[in-house]
Amino acid sequence: MTRKDTMPIAPRSHRLADLTWPEIDDLRPHAPVAIVPLGATEQHGHGLAQRTDTTRAEVVADLVAKELSPKVVVTPVIPVGVSEHHMAFPGTLTLSPVTLQQVIVELVTSLHRHGWRKVYVLTGHGGNNATVEVAVTRLRTDLPDLHIAWSGITPVVSDLVAKLSESRVGGHSSEIETSQAMFADPDLVLPERLTPGSSTFDDLDQAGKLSRSRPGIHFPQSYHDLSKTGTLGDATKSSVEIGARLVEATVERISGFLQEFLDLPERQSTPTLTRIPQETP
């Protein structure tokens with residue numbers, strides 16, 4: 001089933017789920033990149049909603065798509081991620097890494113079957129990272145003509161994070177993430193309930209200190225061990241202004257990458273190799 005209609009000057013939406021199939025059929029040749037946002041439904045302390053990671057991923061994906069319109073479409077967000085390390089806190093939902101990996105692989109494979117050959121996976125939850133990397137490796141093997149890239153949100157602006165963080169220990173629900181949430185959707189935040197979490201090394205137990213003392217060495221800890229409130233850093237130092245700087249810089253950098261991503265030639269399913277002639281002794 002195909003339509004030859006000319007695409008409108010501006011698509012009605014960049015979100016695939018908001019469009020009809022004929023609209024998608026018209027848009028696809030003009031929108032070669034698909035963004036797949038991933039989130040989580042997990043505790044974020046006393047003052048942040050469980051959907052914080054999901055909403056941040058959706059908002060950044062939407063802003064990037066608007067920046068590059070009509071060249072980018074956005075799939076529905078995957079709202080539950082790998083959150084076993086938060087399961088001590090009521091309401092957290094988790095998938096196993098194997099389950100999330102398979103969901104990513106099958107979703108991207110669906111896009112590929114409809115003609116997308118350039119995909120960007122955007123995760124708002126760091127706990128998804130290892131699973132995303134394995135899924136991307138599988139997809140590169142199974143779909144050799146696919147260009148696929150991925151990132152988180154905060155790591156894209158790690159230089160700004162270093163300048164704007166006030167806490168020695170940061171990360172989950174810190175002033176950085178809370179500021180992003182304030183900018184992305186004020187309804188995520190209950191300002192009067194924000195509290196400092198574990199923000200210095202003295203706030204951590206022995207294993208927590210060791211887990212953060214050797215760069216490059218991974219020693220994961222559950223969040224009920226790292227912080228009794230489930231948070232790191234000091235969310236009381238958050239602001240909409242900090243969130244705006246971080247989110248806008250993230251959108252600018254991802255958009256810049258995707259602009260070059262768009263210009264990449266189609267990947268061949270069979271690699272072209274060059275053999276250098278060997279001199280005969």
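Under a 4.5 Å side-chain heavy-atom cut-off, the cluster of Ile, Leu, Val, Met, Phe, Trp and Tyr residues that includes L226 is completed by F89, V169, F201, L204, Y223, L232.
Between the S83 side chain and the T41 main chain, no donor and acceptor come within less than 3.5 Å of each other. Judged purely by atom type and a 3.5 angstrom limit, S222 has no side-chain atom pairing as donor or acceptor with the backbone of H224. A donor-acceptor pair under 3.5 Å links the side-chain atoms of R56 to the main chain of G124, judged by distance alone. Under the 3.5 Å distance criterion, the side-chain polar atoms of T54 are matched with a main-chain donor or acceptor of A40. The backbone N or O of H86 sits less than 3.5 Å from a side-chain atom of T92, completing a donor-acceptor pair. Between the side chain of S211 and the backbone N or O of G208, at least one donor-acceptor pair lies under 3.5 Å. Put simply, the side chain of D26 never gets that close to the backbone of E23: no donor and acceptor are under 3.5 Å apart. In this structure a side-chain-to-backbone donor-acceptor pair under 3.5 Å is present from S239 to I242.
Annotation: Q206, atom CD; neighbour count of heavy atoms from other residues, nucleotides and ligands within 6.0 Å does not exceed 12. Residue R117 places its CZ atom among more than 12 non-hydrogen atoms of other residues, nucleotides or ligands, all under 6.0 Å distant.
The distance from the CD1 atom of I104 to the CD1 atom of I148 is 8.5 Å, given to the nearest 0.5 Å. Rounding to the nearest 0.5 Å places CD of E266 at 10.0 Å from CG of L146. How far OG1 of T55 is from CG of L188: 4.5 Å, rounded to the nearest 0.5 Å. Atom OG1 of T231 sits about 10.5 Å away from atom CD of E175, to the nearest 0.5 Å. Annotation: the span from D53 atom CG to S173 atom OG amounts to 8.0 Å, rounded to 0.5 Å. For the atom pair OG (S96) and CD (Q101), the distance works out to 9.0 Å, reported to the nearest 0.5 Å.
Between Y120 and I254 the shortest side-chain heavy-atom distance falls below 4.5 Å. Annotation: side chain of T94 is not in contact with side chain of E42 (no heavy-atom distance under 4.5 Å). Between D234 and E166 the shortest side-chain heavy-atom distance does not fall below 4.5 Å. The side-chain heavy atoms of V108 and H112, taken from C-beta on, include no pair separated by under 4.5 Å. Residues R138 and Q102 meet the side-chain proximity criterion, which asks for heavy atoms closer than 4.5 Å. Between F183 and E248 the shortest side-chain heavy-atom distance falls below 4.5 Å. Looking at E67 and L63, their side chains never come closer than 4.5 Å, going by heavy atoms from C-beta outward. The shortest side-chain heavy-atom distance between S151 and L122 falls under the 4.5 Å cut-off.
Summarising the geometry of L95 relative to V80, their closest heavy-atom pair is CD1-O, 3.4 Å, with the distance given to 0.1 Å. Contact between T154 and Q180 at its shortest, heavy atoms only, is OG1-NE2, 3.2 Å. Residues P191 and V189 share a closest heavy-atom pair of CD-O, 3.3 Å. Closest approach of H172 and Q43 over heavy atoms only: NE2-O, 2.8 Å. A pairwise comparison of heavy atoms in P11 and P70 identifies CD-CB, 3.6 Å as the closest pair. The two residues Q221 and A207 make their nearest non-hydrogen contact at OE1-CB, 3.5 Å.
One hydrophobic cluster, built from ILVMFWY side chains closer than 4.5 Å, cannot hold both W116 and F261; they sit in different ones. Hydrophobic clustering, with ILVMFWY side chains joined whenever heavy atoms are under 4.5 angstrom apart, groups V64 together with F257. Hydrophobic clustering places L19 together with V36 (ILVMFWY residues linked when any side-chain heavy atoms are closer than 4.5 Å, directly or through intermediates). Under the 4.5 Å side-chain contact rule for hydrophobic residues, V33 and V156 share a cluster. V73 and V59 end up in different hydrophobic clusters when Ile, Leu, Val, Met, Phe, Trp and Tyr side chains are linked at under 4.5 Å.
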key: side chain to side chain donor-acceptor pair (under 3.5 Å) assessment of S227 paired with T229   = CA-CA 5 Å; S227 168; T229 61; 3.2 Å; yes
request  = Given side-chain contact (heavy atoms from CB on, under 4.5 Å), test D187 with R51 step by step and report yes or no.
outcome  = CA-CA 11 Å; D187 288 342; R51 64 177 171 89; 4.1 Å; yes
request  = Begin from the C-alpha positions of E58 and R15 and carry the test side-chain contact (heavy atoms from CB on, under 4.5 Å) through to its verdict.
outcome  = CA-CA 10 Å; E58 283 186 304; R15 290 191 174 194; 4.2 Å; yes
message = Before you tell me yes or no, could you show the steps for V72 and H14 under side-chain contact (heavy atoms from CB on, under 4.5 Å), namely the whole-Å CA-CA distance, both residues' side-chain angles and the distance that decides it to 0.1 Å?
response = CA-CA 7 Å; V72 174; H14 56 257; over 6 Å; no
task = Could you check M182 against L194 for side-chain contact (heavy atoms from CB on, under 4.5 Å), going step by step and ending with a plain yes or no?
result = CA-CA 12 Å; M182 287 177 169; L194 295 174; 3.9 Å; yes
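Using bins of under 30°, 30° to 60° and over 60° for the plane-to-plane angle, the ring pair H125/H85 lands in the parallel bin.
At a cut-off of 3.5 Å, with distance as the only test, no side-chain donor of T131 or N128 sits close to an acceptor on the other residue. T52 and E177 share no donor-acceptor pair across their side chains, judged by distance under 3.5 Å alone.
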